[in-house]
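To start, the structure under review is shown below, and the notes come after it.
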Amino acid sequence: MSFPNAAALGPGDKGQLSAIVKEDCVYTSCYCEENVWKLCEYIKNKRQHPLEEWYAVFISNDQKMVPIWRQRSCHEDQPVIWDYHVILLHDCGGQHCEVYDLDSTLPFPCPIDIYMKEAFRSEDLIRPIFRRKMRVLRADLYLKTFASDRSHMKDAHGMWRMAPPPYPCIQTTEAKMNLDDFISMNLAVGWGDVYTFTEFVQQFGSTKQ
């Protein structure tokens, strides 16, 4: 995750889920992809939470400029423009989905329709170049495949742009760094499914088919 730039505007058990407290989650500013990975790991270790109901969602586009409102870094009612952002989606069954966003000022978790209204808002509010796409993959697949050596958070002199998490880098036996494959909205690379904003709303919103 890069730094804010607001100049580009134009069937789960509810009681068990309440045990996931935002303040208890592993969190490092500007490392949303690892925050969500750690949250998936936490859910996996809590056996009452089937991972099959959970999805990591990468939000980006071909320009790597996507506006999101109601973020900690937002100023007043302006969005933050991220190169990408990552949230966790819980499909509780039926017509009910919830969003877990550790960078949001919205409730945790947040009903997806409220999150889309407050954090994504309407595509009509933004210029086409900033319209968002979503790469969605199951949490268990995310845990198995994601790897990052955090090199994207270093400047040309090798200095950290933002302090890294205190735990070791997340790696797999196959990869040390594949973050770009998750950020990419190219259907030919990476894991999971890629949706336009409209397709995402239709698939996971209260009107999902």
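Only heavy atoms go into these numbers, but all of them, side chains included; no hydrogens, no water, no symmetry mates.
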- [ ] Kindly work out whether a path of hydrophobic side-chain contacts (I/L/V/M/F/W/Y, heavy atoms less than 4.5 Å apart) joins Y42 to L143.
- [x] yes
- [ ] Mind checking the CG-NZ spacing from L102 to K38? Nearest 0.5 Å is all I need.
- [x] 13.5 Å
- [ ] State, without any angle test, whether N186 and S184 hold a side-chain donor-acceptor pair at a distance under 3.5 Å.
- [x] no
Task: F200 and F204 aromatic ring geometry - parallel, tilted or perpendicular at 30°/60° bounds - done: tilted
Task: Residue of the set W37, W82, F182 for which ring pair (Phe, Tyr, Trp, His ring centres under 6.0 Å) holds with F58 - done: F182
Open item on the list: Less than 4.0 angstrom from a charged side-chain N to a carboxylate O is my criterion; do D101 and K22 meet it?
Closed with: no
TODO: On the 0 to 90° scale, with breaks at 30° and 60°, tag the W54-H90 ring pair as parallel, tilted or perpendicular.
DONE: parallel
Task: Residue list, ring-ring contact (aromatic ring centres under 6.0 Å, His included) with F120, at least two apart or on another chain - done: Y115, F197
Open item on the list: Checking E33 against Y84: is there a side-chain donor and acceptor pair closer than 3.5 Å?
Closed with: yes
TODO: Decide whether Q78 and W69 meet the rule of one side-chain donor and one side-chain acceptor closer than 3.5 Å.
DONE: no
TODO: Tell me whether the guanidinium CZ or amine NZ of R70 lies under 6.0 angstrom from the six-membered ring centre of F108 and within 45° of its axis.
DONE: no
- [ ] Examine R72 relative to Y27 and say whether NZ or CZ is less than 6.0 Å from the centre of the six-membered ring and inside a 45° cone about the ring axis.
- [x] yes
